[in-house]
Amino acid sequence: MTTANSRESEYAIDPMFLDRWSPRAFTGEVIEEAQLLTLLDAAHWAPSSANMQPWRFLYALKGFEHWEEFLSLLVESNQEWAKNASALIFVVSRSFNGARSEGRPSYTHSFDAGAAWGHLAIQARMSGFYAHGMSGIKHEEIKEKLGVPDGYRVEAGIAVGRIADKSVLSERNRAREFPSQRKPLSEVAFNGHFVDND
Ligand SMILES: Cc1cc2nc3c(=O)[nH]c(=O)nc-3n(C[C@H](O)[C@H](O)[C@H](O)COP(=O)(O)O)c2cc1C
C-alpha cells in the first residue's frame with residue numbers, strides 16, 4: 001500500500017501515480033515552449049501498436065498566438081478555469097494505418113493516444129506541473145478551425161499549468177477541488193472471465 005496526496009493504493013505503487021491529479025486552480029503564469037515540449041516529448045515515447053505513433057498534439061501557450069483561439073474551443077465550463085492554465089493541448093489521433101488511400105482502419109489509435117496522454121500527465125507532475133484532461137471541447141470546430149484533416153480523430157483537450165490556491169476558482173469548482181478516489185481494484189480487475197458488476 002502507498003499513501004500520498006490523501007489517497008491510498010491497495011498495493012505498493014509509486015507515489016507519483018497518487019500525486020498526479022486534475023486540479024482546476026492554476027496560477028496563470030506563462031511557461032517556456034521548451035517546458036511544454038518536454039511533456040510532449042515524454043508523451044510521444046508512449047508505446048503504440050506496431051509503433052504507429054498515431055498521436056498528434058496541437059498546442060498553444062498562454063500569452064502567445066493561438067491562445068485565445070484554443071481557449072474558445074473549450075466548452076464554457078472548462079474555459080472558466082482553463083483560462084488560468086499555461087498551455088492548452090488538443091490530442092488528435094490518426095485513425096488509419098499506412099497510406100490514406102489504402103483505407104486500412106486502425107483499431108488502436110485512440111488507445112495509443114490515451115497512453116500518450118498518460119505519459120504526459122505523469123511527466124507534467126515530475127516537472128512540477130499538473131495536466132488536466134478535457135472531453136468538454138468543441139470537437140467539430142477544432143477540426144475545422146485548426147485544419148485537422150479527415151481521418152484524424154479529435155480525442156481530448158489538456159490544460160497544463162502550475163497549481164494555485166483554490167480561492168481562484170468559482171464556488172462550484174472550489175467545492176470539487178480535491179484529489180478523487182478510485183473504485184476497489186477488485187471491481188475493475190478480473191482474474192479470468194469478465195465480471196459484470198454494473
Ligand atoms: C479524457 C478526459 C476527459 C476529461 N474531461 C474533463 C472536462 O471536460 N472537464 C473537467 O473539468 N475535467 C475533465 N476530466 C478530469 C476528470 O474528471 C478526472 O481526471 C477524474 O475525475 C479523475 O480525477 P483525477 O484526475 O484528479 O485523479 C477529464 C479527464 C480525462 C482523462
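Atoms within a ligand are numbered from 1 in the order they appear, just like the ligands themselves. We're numbering straight along the sequence, starting at 1.
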Checking the side chain of Arg7 only, and the main-chain atoms of Leu18 only, is there a donor and an acceptor separated by less than 3.5 Å? yes
Take atom CD of Gln181 as the centre, draw a 6.0 Å sphere, and report whether it contains more than 12 heavy atoms from other residues, nucleotides or ligands. yes
Show the distances, to 0.1 Å, for all pairs joining an N/O atom of ligand 1 and a protein N/O atom that are shorter than 3.5 Å, listing one pair per line.
residue  : atom   : partner : partner atom : Å
ligand 1 : 5 (N)  : Gly133  : O            : 3.4
ligand 1 : 5 (N)  : Ser135  : N            : 2.7
ligand 1 : 5 (N)  : Ser135  : OG           : 3.3
ligand 1 : 8 (O)  : Asn78   : ND2          : 2.9
ligand 1 : 8 (O)  : Ser135  : N            : 3.2
ligand 1 : 8 (O)  : Gly136  : N            : 2.9
ligand 1 : 9 (N)  : Asn78   : OD1          : 2.9
ligand 1 : 11 (O) : Arg24   : NE           : 2.9
ligand 1 : 11 (O) : Arg24   : NH2          : 2.8
ligand 1 : 11 (O) : His132  : NE2          : 3.4
ligand 1 : 12 (N) : His132  : NE2          : 2.8
ligand 1 : 14 (N) : Gly133  : O            : 3.0
ligand 1 : 19 (O) : Ser22   : OG           : 3.3
ligand 1 : 23 (O) : Ser180  : OG           : 2.9
ligand 1 : 25 (O) : Arg20   : NH1          : 3.1
ligand 1 : 25 (O) : Arg20   : NH2          : 3.2
ligand 1 : 25 (O) : Ser22   : OG           : 2.4
ligand 1 : 26 (O) : Ser22   : N            : 2.9
ligand 1 : 27 (O) : Arg7    : NH2          : 2.6
ligand 1 : 27 (O) : Arg20   : NH2          : 2.8
ligand 1 : 27 (O) : Ser180  : OG           : 3.4
ligand 1 : 27 (O) : Arg182  : NH2          : 2.9

Return yes when atom CD of Glu32 has more than 12 non-hydrogen atoms of other residues, nucleotides or ligands closer than 6.0 Å, and no otherwise. no
In terms of heavy-atom contacts, does CG of Asn197 have more than 12 from other residues, nucleotides or ligands at under 6.0 Å? yes
Between Glu29 and Arg162, does any side-chain N to carboxylate O distance fall below 4.0 Å? yes
Examine distances only and state if a side-chain atom of Asn97 and a backbone atom of Arg104 form a donor-acceptor pair shorter than 3.5 Å. no
